[in-house]
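Note that the structure is a prediction, hence the values are computed from the model and not measured. Indexing begins at 1, ligand by ligand and atom by atom, following the structure's order. Keep in mind that the numbers below use all heavy atoms, side chains included, and drop hydrogens, waters and symmetry copies.
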Amino acid sequence: MKGFRARKLDPIYLFPTEELPVAVNYLKKLLPFLTEGLCNKCNKLLLNRVDLLDQELSYQDPQPVQVPDVHCYEPTSSPANEDIDKYAYIPDECCGKKDESDTHSIGSWNNGEKGDCGSDTHSIGSWKNGEKGDCHFDTRSAGNWKDGEKGECHSDTHSIGSWNNGEKGDCDSDTQSIGSWKDGENGRLEPFVYKSELEVSTTSEASNVRMSWADMAQENGRLEPVVYKSELEVSTTSEAPNVRKSWADIARKNGGLEPVVYKSELEVSTTSEAPNVRMSWADMAQEEEDELQEYENSQQQSCDPGGVGSQEKKKPELSRETREYIRFMNVQRKKDFVCLERIKGKTVNVLEGLELHAGVFSAAEQKRIVDFVFELQEKGSRGELKERTYTAPQKWMRGKGRVTIQFGCCYNYAPDRKGNPPGILRNEHVDPIPNLLKVMIRRLVKWHVLPASCVPDSCIVNIYDEGDCIPPHIDNHDFIRPFCTVSFLSECDIVFGSNLKIVGPGEFSGSAAIPLPVGSVLVLQGNGADVAKHCVPAVPCKRISITFRKMDEGKCPLGFVPEPDLLGIQPLPYESDESNVLTVQVKSLISAKQRPVTRDGGNSNLSEKREGILGRAPTDDLGSHSEPRQTIQGTHSDNDGSHVEPWGRARGTLSDNGSSHSEPRLTTRGAHSEPRLAAQTARGTSQSEARQTAEGASHSEPQETSQETHSEPRPASIGTPQSEPRQTPRRTPWSQQTNRPREAHSEPQETSQETHSEPRRASLGTPQSDPRQTPRRTPWSQQTNRPREAHSEPQQTSQETHSEPRPASIGTPQSEPRQTPRRTPWSQHTYRPREAHSEPQQTSQETHSEPRPASTGTPQSEPLQTPRRTPWSQQTFRPRARRSVDR
Ligand SMILES: O=C(O)CCC(=O)C(=O)O
Ligand SMILES: [Fe+2]
C-alpha cells in the first residue's frame with residue numbers, strides 16, 4: 001500500500017476517484033493482454049501494480065460489488081456508488097443457486113479452453129483462465145479470476161462486457177450483459193449526422209437510390225416528389241434489391257459519405273436482380289393524415305416549414321382510411337423462421353413464434369420517432385425525466401451498454417443492489433408512455449402486428465451507440481407474450497439460440513442471426529421468446545430500438561393505471577376475399593401502381609419480380625404481403641406457395657435460384673429446394689412438442705444433456721464443409737434463408753467453433769482495406785441478392801462453405817485484413833439448415849455449438865477478429881462453425 005501511495009501521481013489518478021473501481025476492474029480483465037509477451041519480471045510487476053490498485057480500492061471503498069442492472073440501474077447516492085451500481089459488481093463465486101437463470105456479469109472473461117458457464121452466473125470482470133472452471137450454478141462474480149480448465153456457463157447470464165475468450169467460452173444461457181468494450185463515445189447525437197444525411201440526400205446521385213423509408217426520413221422533412229418518383233422507379237425495377245440506405249448508414253459516416261458511395265448504391269440498385277417493394281410503403285409515407293403525422297402536426301405545428309408536413313399537405317386522392325388500409329395491406333410479414341436445435345433429444349424450432357413485420361412505419365414516421373427519441377434522450381440527460389426512466393451508461397467506460405428509457409414500468413433486467421430480482425419493480429415508477437409511442441402501439445395493434453389481447457402498456461427505448469449491444473437474455477415473464485421490438489436508424493442482427501455464446505466483448509454467437517431492417521418490427525412469442533435467448537451483438541453503428549411489452553396483470557407497478565387511449569383498440573378488418581370493399585379498392589390501386597414503371601423505362605410487372613424487405617416477395621397479389629397473423633400457423637406446415645404464406649414462395653425462388661449462386665455449397669443448394677418438406681415437417685413436428693421440451697431444458701441443462709440437445713439432425717445433402725477453419729461467426733443474408741432443417745451430425749468435431757463462426761453477414765462492398773477500426777456497413781442500396789463469388793477467398797473448405805452468393809458488383813476484396821465485423825445484406829440471407837456434428841470436438845462443445853447461418857463468402861483465412869455477417873439473403877441456418885476467436 002505504501003508503494004502504491006507513492007505512485008499517487010500515476011496517470012491512473014487522472015481518473016476521477018469514482019471511476020477507479022471500474023478502471024481497475026478493466027485493467028484486471030485486460031491483464032492477459034497487458035502482460036502478453038512480457039517477461040516474468042515485467043509480468044509480475046504489472047500484476048503487482050494492478051493488484052496494488054485493487055487493494056487501494058478495497059481500502060477506499062470496501063463496498064460489496066453489485067449486480068449489474070442492465071436496463072434499469074439502481075439510483076445511487078454517491079458518484080462512487082453510482083459507478084458500482086451501474087456496472088454491478090458481483091462476487092465471482094458459485095452461490096449454489098441453480099435456477100438456470102440470470103448470469104450477470106460485467107467484463108467477465110472466460111479464457112480457458114472451455115469457458116462454459118452452466119448456470120446462473122453473476123460476474124463482473126470475472127476471469128476464467130484455467131482449463132476447467134466449470135460452474136454449473138449461479139455464479140456471481142466480480143473481477144475474479146478462475147484458473148480452471150473449464151469455465152462453462154449454461155445459463156441466464158447478465159454480463160457487461162463479458163468476454164469469453166477461451167477456445168470454448170460457451171454460455172448457453174440468458175446473458176444480460178452490458179456492453180462491449182468500446183470507446184464510450186456516448187451520446188453522439190450530433191445534429192451533423194442529420195446534416196450529413198441531408199447533404200447526401202440532396203446530392204443528385206443519391207436521390208435516385210433513396211427509396212427507402214429511411215432514405216426519406218433523412219430528408220428531414222424534405223420529401224421531394226422526385227424522391228418518391230425515384231423510389232417508385234427503383235421499386236419497379238426488377239432486380240435492384242436494395243436502394244434503401246438507412247440514415248444510419250449515412251450517419252455512421254458522420255458526414256463523410258462520398259457521393260460515389262451513393263453512386264455505387266445506385267448502380268447496384270439499378271441492377272436488376274432484386275426488386276424493391278418498399279417503395280409502396282415509401283409512397284405511402286406521405287400520409288400526412290395518418291396518425292403519426294397527425295401527432296406530429298399537433299405537436300409541432302410551427303416546425304418544418306417546407307418539410308414533410310408541408311410536402312404531404314398535398315391533397316390526398318384517397319381517403320385516409322383507404323390509404324391506411326393500403327399501407328396495412330402492404331405490410332410484409334415473415335412468420336416462418338426456422339432454426340432447429342436438438343434439445344433434450346427433441347428437435348425444436350427455436351425460432352417458432354417469431355415474426356418480422358416490415359412496412360409498418362414509414363420513413364417519415366420513423367424520422368419522427370427517432371427525433372422524438374433523441375429529444376427524450378436529451379431530456380433524460382438533463383434530468384427532466386424520472387430517475388428510473390432514463391439510464392445512461394458512463395461515457396468513459398467501454399462496453400458500457402446503451403442508453404435506456406423506460407416507460408410504463410421500471411424493468412430490472414438483473415438483480416440490483418437492493419436485492420430486487422429481475423423483472424418489473426413494482427415500487428419504482430417511471431414516466432408514462434409518451435403519446436407518440438402510444439400512437440405506435442395503436443398502429444401495431446390495428447395493423448395486426450400485436451394482438452388486441454396484448455396491447456403493450458410499457459416500453460423500453462434502447463439507444464445503441466456504435467459498439468453497444470444487448471447480451472443474451474430472455475425477456476422476463478413479468479411481460480406477457482407476444483411482445484415486440486421496433487428497429488430504427490440502422491439495421492443490425494439479432495441473434496437467437498438456446499445456447500448463445502460470448503465470443504468477445506459485445507460479440508455473441510448463436511443459432512440464428514436475423515437481420516432487423518430499419519423500421520421493422522420483430523414480434524417475439526413462442527419458442528422464439530421463451531426457448532431461444534436473444535441478443536444484439538455490438539452494433540456497427542448507431543441504432544435505436546423500442547421494445548413494447550404488456551405487463552402481466554399481477555406484475556404492474558403499484559398504482560398503475562392503464563392508459564385510456566390504449567384501451568379498446570380495434571385491429572383493422574382483414575378479409576382476404578373480395579367482399580371487403582377496401583380490399584378490392586386497394587388491390588386495384590396497387591396493381592395499377594405496380595404495372596408500368598421500371599427504372600429503365602420499360603414495363604415490368606412488379607408483382608413478378610419485386611423483392612420485399614423480408615426476402616423475395618411472392619409473385620402474387622397484395623394478399624400475399626399482408627396476411628395477418630392468423631394465417632401464419634397453417635401456412636407453416638405446407639409449402640404450397642399459397643399466398644397466405646408469401647415467404648414460402650420466396651424461399652422456393654431462392655432455392656430455384658440456388659444453382660445460380662456462385663457459392664460452392666452446391667449440395668446445400670440442391671438440398672434447399674428439395675428438402676423443404678422435410679424441414680417443414682420437422683418444424684411442424686417440433687413446434688408444439690418441442691417447446692415443452694425446450695422450456696424446461698434449454699436454459700440450464702447440464703452439459704451432457706445439452707450436447708445431445710444441441711446436435712441437430714440435418715439433411716445430409718446440406719452438408720457444410722466440416723473442415724472450415726473459420727474463426728469468427730458469419731452471417732448469411734436473409735433472403736437466402738430457407739426453412740430447411742439444419743444438418744445434423746455432419747460435423748466432425750468441436751461444435752463450438754462452428755458454433756461461433758455462425759451467422760455473419762458477408763460484407764458487401766466495403767473496402768477490405770479500410771483502415772477503420774469499427775465495423776462498416778454496406779449501404780442497403782448495395783445489398784443485392786446476387787450470389788457472391790465463391791472461392792474467391794483464400795482458404796479451404798470452409799471458404800467454400802462460407803462463400804455465399806453476394807453481389808458481384810459489390811465484391812469486397814477477400815484478402816483484406818479486416819479487423820472488424822462486416823455485415824452482409826439480409827437480402828442475401830437464407831435459412832439453411834445448420835450442420836450438426838461436423839465439428840471436431842467434444843460433446844460439450846457440441847452442446848453449445850449452435851446452428852449458424854452458413855457463411856457466405858468470407859475467406860476462411862481472414863484474420864478477422866470479430867464476427868462477420870453475411871447478407872440476409874444468403875443466410876442459412878446451418879450449424880455454426882466452431883468458434884473462431886482463437887486466442
Ligand atoms: O434492441 C433490440 O432489438 C432488442 C431489444 C431487446 O431484446 C429488449 O429490449 O429486451
Ligand atoms: Fe429482449
Response to the item:
So the atoms of ligand 1 within less than 4.0 Å of a heavy atom of Asn462 turn out to be 5 (C), 9 (O)

Worksheet item: Quick one: does Lys533 get a heavy atom under 4.0 Å from ligand 1?
Response: no

Practice prompt. Please identify which atoms of ligand 1 are closer than 4.0 Å to at least one heavy atom of Thr485.
Written response: 2 (C), 3 (O)

Worksheet entry | Residues in side chain to side chain donor-acceptor pair (under 3.5 Å) contact with Lys550, at least two apart in sequence or another chain | none

Worksheet item: Taking only residues two or more places apart in sequence or in another chain, which ones pass side-chain contact (heavy atoms from CB on, under 4.5 Å) with Arg481?
Response: Ile474, Asp475, His477, Phe479, Phe483, Gln525, Ala529, Asp530

Worksheet, complete the sentence: Under 4.0 Å from one or more heavy atoms of Ile470, ligand 1 contributes atoms 6 (C), 7 (O), 8 (C)

Worksheet item: Does the N or O separation between Ser487 and ligand 1 drop below 3.5 Å for any pair?
Response: no

Fill in: Heavy-atom neighbours of Lys379 NZ exceed 12 at 6.0 Å
no

Worksheet item: Looking at Ile405, Leu376, Thr404, Ile460, which one forms a side-chain contact (heavy atoms from CB on, under 4.5 Å) with Thr389?
Response: Ile405

Worksheet item: Should Glu355 and Lys334 be marked as a salt bridge (charged side-chain N to carboxylate O under 4.0 Å, His left out) after you check the CA-CA gap, both sets of side-chain angles, and the distance that decides it?
Response: CA-CA 5 Å; Glu355 299 177 6; Lys334 180 174 175 62; over 6 Å; no

Fill in: Arg543/Glu466 ion pair, N-O < 4.0 Å
no

Item to complete: Could you tell me which atoms of ligand 1, counted from 1 in the order shown, lie closer than 4.0 angstrom to a heavy atom of Ser545?
Response: 1 (O), 2 (C), 3 (O)

Worksheet entry | Contacts of type ring pair (Phe, Tyr, Trp, His ring centres under 6.0 Å), residue Phe407, not counting sequence neighbours | none

Worksheet item: Donor-acceptor pair, Glu365 side chain versus Ser362 backbone, under 3.5 Å?
Response: yes

Practice prompt. Check which protein N, O or S atoms are less than 2.8 Å from the Fe ion (ligand 2) and report how many there are.
Written response: 3

Item to complete: Taking only heavy atoms of Tyr464 into account, list the atoms of ligand 1 that are under 4.0 Å away from them.
Response: 1 (O), 2 (C), 4 (C), 5 (C)

Discussion item. For atom 7 (O) of ligand 1, which of the options Gln406, His534, Arg543 provides the nearest non-hydrogen atom?
Written reply: His534

Item to complete: Compute both the distance and the angle, then confirm whether Lys386 meets the cation-pi test with Tyr390: under 6.0 Å from the six-membered ring centre, within 45 degrees of the axis.
Response: no

Discussion item. As a test of understanding, state which of Ile514, Val350, Asn349 forms a side-chain contact (heavy atoms from CB on, under 4.5 Å) with Phe337.
Written reply: Ile514

Worksheet item: Just which atoms of ligand 1 are under 4.0 Å from any heavy atom in Thr547?
Response: 5 (C), 6 (C), 8 (C), 9 (O)

Discussion item. Would you compute the distance between atom SG of Cys556 and atom CZ of Arg426 and round it to the nearest 0.5 angstrom?
Written reply: 7.0 Å

Practice prompt. List every atom of ligand 1 that sits less than 4.0 Å from any heavy atom of Arg549, numbering the atoms from 1 in the order shown and giving each element.
Written response: 10 (O)

